[in-house]
Each structure stands twice: as structure tokens, then as C-alpha cells.
*Asks:* 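Can you keep this structure in mind? I'll have questions shortly.
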Amino acid sequence: MNDILPSEIAGWQLVESVFRDLMKTYGYAEIRMPIVEMTNLFKRSIGEVTDIVEKEMYTFDDRNGDSLTLRPEGTASCVRAALQNGLLHNQIQKLWYAGPMFRHERPQKGRYRQFHQLGVEVFGLDGPDIDVELILMTARFWKLLEIDQKVELEVNSLGSNAARHAYREILVDYFSAHQDELDDDSKRRLSTNPLRILDSKNPEMQDLISAAPKLADHLDTESKQHFADLCTCLDQCGIKYRINPCLVRGLDYYNRTVFEWVSSDLGAQATVCAGGRYDGLVKQLGGRDTTAVGFALGLERLILLLNEEFLLKSAQQPHAYLIMLSPEAQLAGRVLAEQLIDQNPALRLHVHTGGGSMKSQMKRADKSQAKLALILGEDEMAAAQVTIKYLRDTERDQETIAQAELGLWLKAFIQ
Ligand code: ATP
Ligand code: MG
């Protein structure tokens, strides 16, 4: 579990604010759920025999003896919240959330025990058009963050629950006939969650996996059409994708469309965003039959992909740093600074604190990345003026203006 330090925060804030604006563009509403839920919620939704529930959850008994769990993902909580608050009565909901998730995994690059997701969930729509909308908005997100060249889209269809169950039998037969070629994980999954074997990252398993029967050959007709329509629409919108027949996702509740955005820049933990349809989950958790689709993206991995130049370009440096060279100037300067902010609410003005020489204050001004130093010395105090020094544009000469005019001057400068 990591601290996110001031030196790292720029990327986080940028990604969060771009995402928030994107959600406004597409008309999605934010929802905030608690970080703990009843343990049963995750067992019933994610599935008893998934990695998450079997070995990754932070579960504890509270003082009443109720078993609670730090949420390992957002979808189950979001469905619970929507049901409990009556958001799903014959209504379409387009929701998003952001926050920390918790999984007791082996920590490594791109995999932490507290990590952060941005997630979107849509309820009440069953057509491929909404699946496409989710893919389009993620594609736009990469573009806005200037990482669209670093990610690739993979899609697949898991079909209806009935088709998937029938396929599961076929897959079990196939892998059972090759028992001796399975690694330990896959042997265990053969009886618990055989589709997950397809998702194995073990290179020694790849030949066996690519020769396995394909889910695509066992899809129901409706799901086939749904998937074909999805692909057509992606083509029309100019979104490039790869159909990956082995894409299955680790959670039990998915059906039909599944997709992942992956990046070869991330090493072993390549998936930055993953989503899909989960039409059965709402009913499974006690609601009426409600179709649903969503995705979650991992912020830590996303931030690893951001370019330095993009961050610099997007950084919001202070406009000005106020330097004051006597106790009287400190008092007058504080009053002046408040007036300047009153006049210019968008002004980013750092007021020097702690006194010190001109040299040491200039050093701090420089370090702040401010564009201007505003200097209040003895002469300026006597004449009710301020000296303005350009810290980044060193070609320009410093100038002196009346304190009473500084507010208007800054208004023009920050535009
Ligand atoms: P993976 O196996 O690639 O870690 P997953 O299938 O377990 O992913 P999901 O539950 O689909 O992950 O979560 C969606 C996204 O959240 C992932 O694609 C990834 O970006 C991020 N994520 C998941 N687990 C972690 C983790 N332990 N640390 C950091 N990010 C994570
Ligand atoms: Mg995982």
C-alpha cells in the first residue's frame, strides 16, 4: 500500500480531472460507495472460486461479529448501492466512481495491495451500442492523455450463460485429456474455473491453450449477432481492435462482450482497463433481471504510461511568487495578496512565508516554478509600488508598477 507523495500527485490529479470532464461529456453521474461491504456481497458476485475471493480479500469481523471486507473492486458495491437505493426500477443508469480497492496479492510493478480504479457501470441497456459507447469513451480518454499510441484494444464475446456453461464442459474434456501438460494453477482451475486456464500467462501453457476449442465456435446465435454488431460499430468509428478468443476475465459474472486495453509498455501487468457485460449479476444479487455493462481502469498502471512532456505541459505552475523584504512589507504584502486574489480568483499566487534575505526568497520563488516574482522592498513600500521580475522569460526587463494597478495588470497577464 503506497503513499502518493506531493512529487507524484500531478499525474493523479490530471488523470482524475480529465476523467471527470469526460464523464460530463458523455452524461455519466458519479456515485460514491463505502470502502467496506459485507463479505457475502463479494462471495456472491465475484464468485467463491475466483482468485480474488479465495485468496486476495482483506476480510475481518467487526464488533458485531459481522464479516466485512475491504472492497476488492467496485462493480459489486455499485450494484448493491443501486439496488438498495432503488436506482434500478425501470430506469437506465449511467454511473461512474473512483477510489481505492484492496487485494492481498503479491506486490510487484503494477500490482499493489491498495490500488485505485476509475470505474463505469451502466444498467438497463442490452444493445451493443452501449458497449461501444464505453469503448469509445475509453479510447477518447487515452487520446486526451496522449497515450493512445501505447494501448491496444482486445475484445471477445463470452456468449450467453447457457452457451458458456456448455463450452465449459467441452473445455474440461479437452484439458482433462492433457492433464500432464497442465501447470499447478491450471490443474486447480480445471475443477473450479476452467475458463481461467485460457487466461494463463505461463509461456509453457501457450501451445496447449491456442489449440483448445474456441468459445467463438460455441456461441449462441444472439450473442454472435451482438458481437458482430459491436465489431461493425467499432469499425465505423475507426477504433482498431484485436479479437482475442482467449480473453475471459477473472470474475465469474461476465457474459457476452468483454474487452481489455493492454499496453506493451507495462511489462507483465499489461492490462490498464478491463470491462464487459454482466447481465446476470443484478438478479443474482436480489434485483429484477437487469442488463449491465461496465469497465474499471487501474490508475497506477495508467499513470505509468503518462509522458513527462505531457505532464509538464499540463502542469499548473503558480503565476506569481510574492517576496517581501521587511516586517512592514510582510504585513502590507499579506493584505495586498488577499486583495489580488479577491480581484482574480483564478490567480495562483504563492506568498513567501518565513522571512529571509532577498537571495533566499528568490531561490524559493524559482523553485516554485512561478512565472513572476512580485517584490516588495523598502523603495516599493515607500512609493506604494511593486517590482515585477520575469522568472522564466529572462529576456524581459523587470518593471515597477503601482500596487493599486497590480490587480488589473495580473488579470491581463494570466489570461
Ligand atoms: P490483472 O490480473 O491484470 O491484475 P484483474 O483482472 O485482476 O487484472 P480487474 O479486476 O479487471 O483486474 O481490475 C481492472 C483493472 O484494475 C486492471 O486492469 C488493472 O489496471 C487494475 N488492477 C487490478 N488489480 C490491481 C492491483 N493489484 N494493483 C494495481 N492495479 C490493479
Ligand atoms: Mg488480478
Side-chain angles (χ1 to χ4, degrees), residues 1-4 8 11-12 15-16 19 35 37 41-42 45-47 49-58 69-79 96-121 134-135 138 141-142 145 147 150-156 158 185-186 189 193 195-202 244 246-255 257-278 281 292-306:
M1 297 187 183
N2 299 306
D3 299 307
I4 301 166
E8 306 163 312
W12 288 80
V15 164
E16 288 161 358
F19 191 76
I35 284 169
E37 296 277 354
L41 174 68
F42 301 116
S45 55
I46 298 170
V49 291
T50 53
D51 286 354
I52 293 181
V53 172
E54 272 186 336
K55 37 184 202 197
E56 295 174 359
M57 295 203 307
Y58 283 91
T69 292
L70 298 185
R71 62 182 185 192
E73 55 111 42
T75 304
S77 307
C78 190
V79 172
W96 71 272
Y97 53 83
M101 307 292 162
F102 304 84
R103 297 183 195 176
H104 194 275
E105 303 194 75
R106 194 167 63 78
Q108 52 201 284
K109 188 184 170 204
R111 178 163 282 153
Y112 311 101
R113 291 181 172 175
Q114 173 173 336
F115 61 99
H116 298 78
Q117 287 185 338
L118 296 172
V120 166
E121 317 288 352
L134 298 191
I135 291 174
T138 44
F141 193 39
W142 316 138
L145 297 174
I147 57 167
K150 297 186 185 175
V151 289
E152 283 171 24
L153 175 63
E154 298 192 347
V155 294
N156 192 22
L158 300 180
D185 259 352
S186 302
R189 284 177 178 149
N193 195 351
L195 262 71
R196 273 290 273 188
I197 300 177
L198 299 175
D199 197 30
S200 163
K201 309 285 187 306
N202 182 354
N244 175 358
C246 292
L247 187 63
V248 293
R249 311 283 308 109
L251 299 79
D252 269 0
Y253 49 61
Y254 286 105
N255 67 303
T257 313
V258 287
F259 66 93
E260 287 193 3
W261 287 94
V262 294
S263 172
S264 52
D265 291 22
L266 285 174
Q269 268 41 265
T271 305
V272 64
C273 171
R277 235 172 216 291
Y278 51 97
L281 185 61
V293 57
F295 67 78
L297 62 90
L299 273 174
E300 282 79 3
R301 294 184 199 175
L302 175 57
I303 284 163
L304 284 174
L305 292 175
L306 297 179

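Start at 1 with the first residue, then count along the sequence. In each ligand, atom 1 is the first atom listed, and ligand 1 is the first ligand listed.
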*Asks:* Please work out, at 4.0 Å between heavy atoms, whether the side chain, the backbone, both, or neither of Leu302 comes within that distance of ligand 1.
*Replies:*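 For Leu302, no heavy atom sits under 4.0 Å from ligand 1.
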*Asks:* If only side-chain N and O atoms count, and only distance matters, is there a donor-acceptor pair under 3.5 Å linking Trp261 with Thr138?
*Replies:*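 Result is yes, a qualifying pair exists.
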*Asks:* Cut-off 3.5 Å, side chains only: do Glu121 and Tyr278 have a donor facing an acceptor?
*Replies:*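 Yes.
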*Asks:* Name the option, out of Gln117, Arg103, Arg301, that contains the heavy atom nearest to atom 10 (O) of ligand 1.
*Replies:*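 Looking at heavy atoms only, the winner is Arg103.
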*Asks:* Give the numbers and elements of all ligand 1 atoms closer than 4.0 Å to a heavy atom of Ala274.
*Replies:*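 Matching atoms, with element in brackets: 11 (O).
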*Asks:* Is the closest heavy-atom distance from Glu73 to ligand 1 below 4.0 Å?
*Replies:*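 Outside the 4.0 Å threshold, so no.
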*Asks:* Is it true that the side chains of Gln108 and Gln269 contain a donor and an acceptor less than 3.5 Å apart?
*Replies:*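 On atom types as modelled, these side chains qualify, holding a pair under 3.5 Å.
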*Asks:* As a check for students: among Gln108, Arg111, Glu300, Gln269, identify the option with a heavy atom nearest to atom 1 (P) of ligand 1.
*Replies:*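 Going through Gln108, Arg111, Glu300, Gln269 one by one, Arg111 has the nearest heavy atom to atom 1 (P) of ligand 1.
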*Asks:* Considering only heavy atoms, does Glu260 approach ligand 1 within less than 4.0 Å through its side chain, its backbone, both, or neither?
*Replies:*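 Within the 4.0 Å criterion, Glu260 makes no contact with ligand 1.
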*Asks:* Taking all non-hydrogen atoms of both residues into account, name the closest pair between Thr271 and Glu260 and its distance.
*Replies:*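 That would be OG1-OE1, 2.9 Å.
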*Asks:* Under the criterion salt bridge (Lys or Arg N to Asp or Glu O under 4.0 Å), I'd like the reasoning laid out for Asp51 against Arg196: C-alpha separation, chi angles, the key distance, then a yes or no.
*Replies:* CA-CA 10 Å; Asp51 286 354; Arg196 273 290 273 188; 3.5 Å; yes
